Amino acid sequence: MQALLGIIFHSLGGMSSGSWYMPYDWVKKWRWEIYWITGGLFSWLIMPFIAVVFTIPDWMGILHAADGSVLRNTYIMGLLWGIGGLTYGLAIRYLGMSLGNSVLLGITSVVGSLGLPVLRNIPAMAEILPNGLSFTDLFSSPGGRIVLLGILILLTGIILSGRAGIMKDKDLRGHKEGVNTEFKLGFGLFIAIVSGVLSAFFSFGIDTGKEMGIAARELAVQASYPLLAGGEGGAPITYLFENNIIFFVILWGGLTTNLIWSIALIFRNKTGKDFIDKKTPLISNYLFCALAGTTWFLQFFFYGMGETKIGNGASSWTLHMATIILTANLWGFWRKEWKGVSKKTYNTIIVGIGAILLSVIVIGVAKWLYPELNALG
């Protein structure tokens, strides 16, 4: 039952993540940096604050009592992830929902699943990372080899998706229209790679801030909060919202990165007047930005709930990524991002997406069969 709830929560989070950018399509006459930071304030500041206030007992006390290195390192993970989040918006802008998410989140799945295991093989890094499986450990166990097979399939899917992008660029050259007007393959792929790598640092931030989540859980138990689970038959007790305090710190890092960049663009492009320009549909623009930002936050709100049910290892991260990829591609096809391409190009992106989803299933099955793979994250 706990695993089923975890799948449901992760699916809801993935659907939120795959959909949150859509409301920006309905923002009119605002430049990118204006609607990005407006929605971002809801994503990284307003909604995390509301969530932590209503779900975490004595959240300020937890922050004050937390070890300084835990707060610092969790915040740094947020800063690095924030760059990934910032470049995510640019990748979707120049590649579209379908291709952008397939390439970007495929890379994020690889880094999120194997980043820590690879770093554990570096002696200096292994001393400061949480204990767990190393990359070489994966070769010595059947479950590890299945995970590596899943990663190989995933890389194949990423390559096919990239190939479809190259074919799309050739098909649409000279007659881009609709949502493909800003399609820029080379720049978009570079941004997607940067974003894909750095976006995985959110997963690392959850591991880094675990001490705060444990403190929130202990306080919730003491106060007899609802939505506690476990405790029977030696099963560990979990609190459904314990990760919200970790998200609060990570997202401060994301807010810092995005706020600095957006303000720099506003001054450079002199677009600050958009915030109050009555020639634009101000009310609807603010509402759609708020919707985008709130939907964005829900991806991690539900991710945190799912993580309490099935852990923060490979299955949580890849299940989350798979649902995002599937949802984002459905939106991409709905937006007609592949309109006008050849049948060969269309079939290539379908096969690429299918390979990415297959890889996630393979990795998820590996963790289900071999619980020791929880130590990947």
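It should be emphasised that the depicted structure is a prediction, and the values quoted were computed from it without experimental measurement.
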Quiz item: Quick one: do Phe267 and Ile260 end up in the same hydrophobic cluster if we chain Ile, Leu, Val, Met, Phe, Trp and Tyr together by side-chain heavy atoms under 4.5 Å apart?
Solution: no
Quiz prompt | Ile356 side chain near Thr156 side chain, heavy-atom distance below 4.5 Å | solution = no
Quiz item: Is there a donor-acceptor pair under 3.5 Å between the side chain of Asn258 and the backbone N or O of Gly82?
Solution: yes
Exercise. For this output row, return yes or no: ring centroids of Phe288 and Trp26 closer than 6.0 angstrom.
Key: yes
Quiz item: Is Arg31 close to Asn269 at the side-chain level, that is, under 4.5 Å between some pair of heavy atoms?
Solution: no
Practice problem: Assert yes or no for the condition that the ring centre distance of Phe42 to Phe297 is strictly below 6.0 Å. | Solution: no
Practice problem: Could you check Trp36 against Leu86 for side chain to side chain contact (heavy atoms under 4.5 Å, CB included), going step by step and ending with a plain yes or no? | Solution: CA-CA 9 Å; Trp36 181 257; Leu86 174 65; 3.7 Å; yes
Exercise. For the pair Thr256 and Tyr75, evaluate side chain to side chain donor-acceptor pair (under 3.5 Å) and give the outcome as yes or no after the intermediate values.
Key: CA-CA 10 Å; Thr256 302; Tyr75 176 76; 2.8 Å; yes
Quiz item: Which pair of heavy atoms, one from Ile34 and one from Thr38, lies closest together, and at what distance?
Solution: O-OG1, 2.7 Å
Quiz item: Are Trp30 and Tyr286 close enough that their ring centers fall under 6.0 Å?
Solution: yes
Quiz prompt | Pairwise distance CH2(Trp20) to CH2(Trp296) - rounded to 0.5 angstrom | solution = 8.0 Å
Exercise. Take Asn73 and Thr208 through the side chain to side chain donor-acceptor pair (under 3.5 Å) test and state the conclusion after the steps.
Key: CA-CA 7 Å; Asn73 292 336; Thr208 305; over 6 Å; no
Quiz item: Closest heavy-atom contact between Thr271 and Leu265?
Solution: OG1-O, 4.3 Å
Quiz item: Is there a donor-acceptor contact under 3.5 Å from the side chain of Ser43 to the main chain of Gly39?
Solution: yes
Practice problem: Taking side chain to side chain contact (heavy atoms under 4.5 Å, CB included) as the test, write out the residues that go with Ile350, two or more places apart. | Solution: Phe333, Tyr346
Exercise. Let me see the working for Asn243 and Lys210 under side chain to side chain contact (heavy atoms under 4.5 Å, CB included), right down to the final yes or no.
Key: CA-CA 8 Å; Asn243 288 296; Lys210 268 300 174 188; 3.5 Å; yes
Exercise. Kindly determine whether Thr348 and Thr345 satisfy side chain to side chain donor-acceptor pair (under 3.5 Å), including the steps that lead there.
Key: CA-CA 5 Å; Thr348 301; Thr345 300; 6.0 Å; no
Exercise. Supply the members, apart from Val351, of the Ile/Leu/Val/Met/Phe/Trp/Tyr cluster built from side-chain contacts under 4.5 Å; use none for a lone residue.
Key: Leu160
Quiz item: Hey, are the side chains of Trp331 and Thr327 touching, using non-hydrogen atoms and a 4.5 Å cut-off?
Solution: yes
Practice problem: Can you measure from CD (Glu218) to OH (Tyr239) and round to the nearest 0.5 angstrom? | Solution: 14.0 Å
Quiz item: Can you check side chain to side chain contact (heavy atoms under 4.5 Å, CB included) on Lys279 and Lys29, steps first, answer last?
Solution: CA-CA 9 Å; Lys279 294 180 181 179; Lys29 298 180 181 180; 5.7 Å; no
Quiz prompt | Partners passing side-chain hydrogen bond (donor to acceptor under 3.5 Å, both in side chains) against Asp137 (at least two apart in sequence or in another chain) | solution = Ser134
Quiz item: Any chain of hydrophobic side-chain contacts (each under 4.5 Å) joining Val197 to Phe204?
Solution: yes
Quiz item: Are any side-chain N or O atoms of Ser224 and backbone N or O atoms of Ala220, one a donor and one an acceptor, separated by less than 3.5 Å?
Solution: no
Exercise. Check step by step if side chain to side chain contact (heavy atoms under 4.5 Å, CB included) holds for Val341 and Ile349.
Key: CA-CA 11 Å; Val341 303; Ile349 189 61; over 6 Å; no
Quiz item: Is there a donor-acceptor pair under 3.5 Å between the side chain of Thr295 and the backbone N or O of Leu291?
Solution: yes
Self-check item: Atom pair CZ/OG1 of Phe275 and Thr280 - distance to nearest 0.5 Å
Solution: 11.0 Å
Quiz item: So, for Ser195 and Thr87, which heavy atoms are closest and what is the spacing to 0.1 Å?
Solution: CB-OG1, 3.0 Å
Exercise. Look up atom CD1 in Ile46 and atom CG in Leu251, then write down how far apart they are to the nearest 0.5 Å.
Key: 12.5 Å
Quiz item: Does Val52 share a hydrophobic cluster with Leu219, counting links as ILVMFWY side-chain heavy atoms below 4.5 Å and allowing steps through other members?
Solution: yes
Self-check item: Sequence neighbours excluded - salt bridge (charged side-chain N to carboxylate O under 4.0 Å, His left out) pairs with any residue from residues 57-81
Solution: none
Practice problem: Identify, with sequence neighbours excluded, every residue that meets side chain to side chain contact (heavy atoms under 4.5 Å, CB included) alongside Phe139. | Solution: Phe135, Leu148
Quiz item: Is any side-chain heavy atom of Met60 closer than 4.5 Å to a side-chain heavy atom of Leu63?
Solution: no
Quiz item: What's the shortest heavy-atom distance between Gly157 and Ala355, and which atoms?
Solution: CA-CB, 3.6 Å
Self-check item: Shared hydrophobic cluster for Val70 and Ile214 (ILVMFWY, side-chain gaps under 4.5 Å)
Solution: no
Quiz item: Atom CG of Leu255 and atom CG of Leu79: how far apart are they, to the nearest 0.5 Å?
Solution: 10.0 Å
Quiz item: Are Ile56 and Val221 co-members of a hydrophobic cluster defined by side-chain heavy atoms under 4.5 Å apart?
Solution: yes
Practice problem: Give me the other members of the hydrophobic cluster that Leu287 sits in, counting Ile, Leu, Val, Met, Phe, Trp and Tyr linked by side-chain heavy atoms under 4.5 Å, directly or via other members. | Solution: Ile283
Quiz item: Could you go step by step and tell me if Ser16 and Gln299 meet the side chain to side chain donor-acceptor pair (under 3.5 Å) rule?
Solution: CA-CA 5 Å; Ser16 298; Gln299 66 173 303; over 6 Å; no
Quiz item: Between CE of Met47 and CG of Leu41, what distance do you get to the nearest 0.5 Å?
Solution: 13.0 Å
Quiz item: How far apart are the closest heavy atoms of Ala66 and Met212, and which atoms are they?
Solution: CB-CG, 4.0 Å
Quiz item: Can you check whether Leu71's main-chain N or O pairs, donor with acceptor, with Thr74's side chain at less than 3.5 Å?
Solution: no
Quiz prompt | Contact check, side chains of Ser359 and Ile151, non-hydrogen atoms, under 4.5 Å | solution = no
Self-check item: Close side-chain approach of Ile191 and Leu95, heavy atoms under 4.5 Å
Solution: no
Exercise. Give a yes or no answer on whether the side chain of Ser262 reaches the backbone of Leu259 with a donor-acceptor pair at less than 3.5 Å.
Key: no
Quiz item: Can the ring centres of Phe241 and Tyr225 be said to be less than 6.0 Å apart?
Solution: no
Quiz item: Of the options Trp252, Phe202, Phe301, which is the one that meets Phe247 in a ring-ring contact (aromatic ring centres under 6.0 Å, His included)?
Solution: Phe202
Self-check item: Minimum-distance pair of heavy atoms, taken over all atoms of Cys289 and Tyr24
Solution: SG-CE2, 4.0 Å
